[in-house]
Amino acid sequence: MNRPVIFLSNFQPFITRNILDSGVLDALAERSRVVIVVHKYKENLFKERYQKGNVIVEGIELAEVVKSRRNKAFIRIADWLLNTNSRRLHKLEVVTRSGGTVKYYFSLVFTELFSRMKPLKRFMRHIDYRLNNPRPFEQLFVKYSPNIVFATDLFSDFDVLLLKNARARRVKNIAMVRSWDNTTGAGYARFVPDSLIVQNELMKKEMFRYHDISGKIVHISGVPQFEQYLHMVPTGRDEFYRRIGADPGKRLILFAPAGKFFIDTDWQICEILKELRDEGRIPHDVQFIIRVHPFLPVDLSRFQKNSNFIIDITGQASAGAVTHTKVGGELSKEFYQHLFDSLHYSSLIMNSISSLIVDSIALDKPLITINFDGWEKDVPILKSIKRWRLEDNQISWMSFGATRMVGNKGQLADAINAYLDNPSLDSDARAAFRRAYCGEYDGRAAERIAAYVFDHV
């Protein structure tokens with residue numbers, strides 16, 4: 001029996017978790033030959049991990065093509081055609097940091113004038129396709145004659161190029177929106193695929209509202225990477241505590257700092273947590289695991305940690321830190337087991353700016369969101385944590401009331417104590433958030449994604 005051939009893109013590390021390790025790849029490989037297209041420098045790594053049976057890995061050089069002046073021009077136009085808080089704030093940050101006042105005001109006028117003109121935006125997509133469609137994937141199309149292209153990240157410039165090449169060769173294509181914040185923060189969608197997969201109804205509405213993509217071609221899948229938690233088994237408590245160097249007689253609170261890209265006051269929040277414990281304003285039988293983002297650096301050099309703080313650095317080894325290496329920007333399966341263990345054994349989760357809120361709510365963990373800049377006062381809005389609360393996706397999720405927003409040290413203490421005393425507080429709001437952002441959350445999201453792809457083969 002001749003199996004259909006599916007091209008599957010993987011140009012972003014989180015796609016590995018979302019698609020390759022979530023069950024989607026396995027479901028596709030049962031009934032087809034899958035060619036995973038990756039960056040050339042990751043080809044050997046992906047071959048070691050995934051090339052077997054019906055799965056083939058092909059690496060390709062794309063950096064120079066994407067960096068061309070023509071492509072950069074269309075990226076900028078797409079950015080200017082999306083009229084959201086997220087993009088306006090980004091433009092303001094750029095001009096504040098690097099100058100370019102004339103270009104900034106020109107972009108504002110451009111957005112205000114043209115973002116509402118749907119025919120113009122559709123025309124720009126057409127021009128982008130016609131004038132900006134080099135063919136770096138041509139040899140792969142000739143070699144494998146794919147039946148369908150599955151682009152896993154619609155807002156990635158690499159995936160856009162793959163989709164353009166597919167359409168030029170009259171190959172069916174289906175795309176997916178990678179993350180819940182892409183719809184309002186990643187620029188105007190430069191390509192409309194034959195079919196589109198999104199994670200939830202909110203994203204479906206946003207693709208129509210902001211990107212003029214009809215709901216008729218949009219399918220809702222749920223979030224396969226979070227549904228993995230339904231099947232995962234935690235490491236034994238004693239083993240996990242021993243691995244991270246925790247005191248088995250104390251409860252864990254996980255704090256995910258924002259990182260230097262966002263704010264400069266993560267270390268102050270850690271100091272405030274230490275003060276609250278030392279002052280007896282929160283229980284003494286707690287300890288904190290500070291979970292550093294795997295890709296965004298966090299500056300905790302000024303934080304004077306003690307034995308009640310465990311710095312969990314995922315990535316390059318650091319003295320006194322729990323580590324899980326990443327190779328070529330890719331995270332290991334051990335990393336995700338460690339993340340699950342950390343969430344599972346934590347009595348509550350704290351974050352500043354992190355998609356970890358979805359992981360936490362998927363597991364129905366009490367959640368606190370830091371909404372103040374340590375002990376700093378009158379912080380300029382662009383350097384403040386509150387700048388990020390103006391992002392469209394943040395305004396959306398805050399409306400559910402699934403996390404306690406704390407605005408000072410006293411509110412932080414009150415929220416910690418309330419959740420430690422009664423973890424079921426706000427569980428109804430967390431359930432509403434989970435339904436809105438994770439869809440059915442029934443463990444079948446990967447199966448649905450594979451089914452949508454096969455429907456178009």
Side-chain angles (χ1 to χ4, degrees), residues 3-60 62 137 140 144 146-156 158-159 162-163 173-180 182 197-199 219 221-232 294-295 314 324-340 355 358-359 362 438 443-454 457:
R3 292 174 176 267
V5 176
I6 297 172
F7 276 11
L8 187 156
S9 66
N10 191 334
F11 299 117
Q12 213 280 348
F14 290 126
I15 295 298
T16 304
R17 181 191 186 194
N18 298 3
I19 301 298
L20 302 193
D21 293 337
S22 68
V24 176
L25 175 61
D26 293 338
L28 293 174
E30 284 181 6
R31 296 170 50 189
S32 66
R33 293 178 69 205
V34 181
V35 180
I36 306 174
V37 186
V38 302
H39 291 295
K40 187 66 176 180
Y41 71 94
K42 292 186 179 182
E43 182 176 20
N44 291 336
L45 172 65
F46 276 82
K47 282 184 175 180
E48 291 174 7
R49 289 188 181 181
Y50 300 103
Q51 183 160 292
K52 61 181 179 180
N54 294 318
V55 179
I56 302 166
V57 174
E58 290 279 1
I60 188 167
L62 294 173
F137 298 97
L140 293 182
Y144 293 103
N147 300 87
I148 191 167
V149 165
F150 178 24
T152 54
D153 188 355
L154 178 65
F155 291 95
S156 159
F158 306 110
D159 287 74
L162 177 59
L163 287 164
N173 56 82
I174 185 168
M176 186 170 183
V177 179
R178 174 179 58 82
S179 176
W180 62 323
N182 287 172
I197 300 171
V198 298
Q199 298 167 357
H219 306 281
S221 64
V223 194
Q225 64 267 33
F226 297 133
E227 289 191 358
Q228 291 182 76
Y229 292 141
L230 296 171
H231 313 293
M232 293 180 73
F295 303 118
T314 52
H324 289 275
T325 58
K326 56 186 180 185
V327 181
E330 296 292 331
L331 297 167
S332 66
K333 292 182 179 179
E334 290 76 19
F335 165 81
Y336 289 113
Q337 180 66 48
H338 176 74
L339 171 61
F340 174 68
S355 61
V358 189
D359 299 72
C438 298
R444 299 181 61 189
E447 179 183 328
R448 280 190 289 273
I449 291 170
Y452 295 146
V453 174
F454 285 126
V457 171

Nearest heavy atoms of L154 and A175, plus distance in Å: CD1-CB, 4.0 Å
pair F46-V55: side-chain heavy atoms closer than 4.5 Å: no
Worked check of side chain to side chain contact (heavy atoms under 4.5 Å, CB included) between I197 and I174: CA-CA 8 Å; I197 300 171; I174 185 168; 3.9 Å; yes
Sidechain-backbone polar pair: Q199 side chain, V223 backbone, donor-acceptor under 3.5 Å: no
Any side-chain heavy-atom pair of F454 and S32 under 4.5 Å: yes
Short side-chain to backbone donor-acceptor contact, R33 and V5, under 3.5 Å: no
Approximate separation, where rounding is to 0.5 Å, of N44 CG and Q51 CD: 10.0 Å
Interatomic spacing from CG in D153 to CG in N182 - rounded to 0.5 Å: 6.0 Å
Distance in Å, D21 CG paired with K333 NZ, rounded so as to fall on 0.5 Å steps: 5.0 Å
Residues that R17 engages under side chain to side chain contact (heavy atoms under 4.5 Å, CB included), provided they are two or more places apart: Q225, F226, Q228, Y229, Y336, L339, D359
Heavy-atom check, side chain of V149 versus side chain of F137, under 4.5 Å: no
L62 side, atom CG; K40 side, atom NZ - distance, nearest 0.5 Å: 11.0 Å
For A450 against A27, the heavy-atom pair lying closest together: CB-CB, 3.6 Å
Note, L8 side chain near V453 side chain (heavy atom, < 4.5 Å): no
F7 side, atom CZ; N147 side, atom CG - distance, nearest 0.5 Å: 10.0 Å
D159 side chain near F11 side chain, heavy-atom distance below 4.5 Å: yes
Note, L25 side chain near V34 side chain (heavy atom, < 4.5 Å): yes
Rounded distance [0.5 Å steps], CZ in F150 versus CG in L163: 10.5 Å
Side-chain touch I56/Y144, heavy atoms, less than 4.5 angstrom: yes
Residue among I15, L20, L45 satisfying side chain to side chain contact (heavy atoms under 4.5 Å, CB included) with E330: L45
Heavy-atom closest pair, residues R3 and E30: NH1-O, 2.8 Å
Exercise: identify the closest heavy-atom pair between C438 and V358: SG-CG1, 3.9 Å
Validation row: F158, S9 side chains within 4.5 angstrom (heavy atoms): no
Minimal non-hydrogen separation, P4 against R31, with atom names: CD-O, 3.4 Å
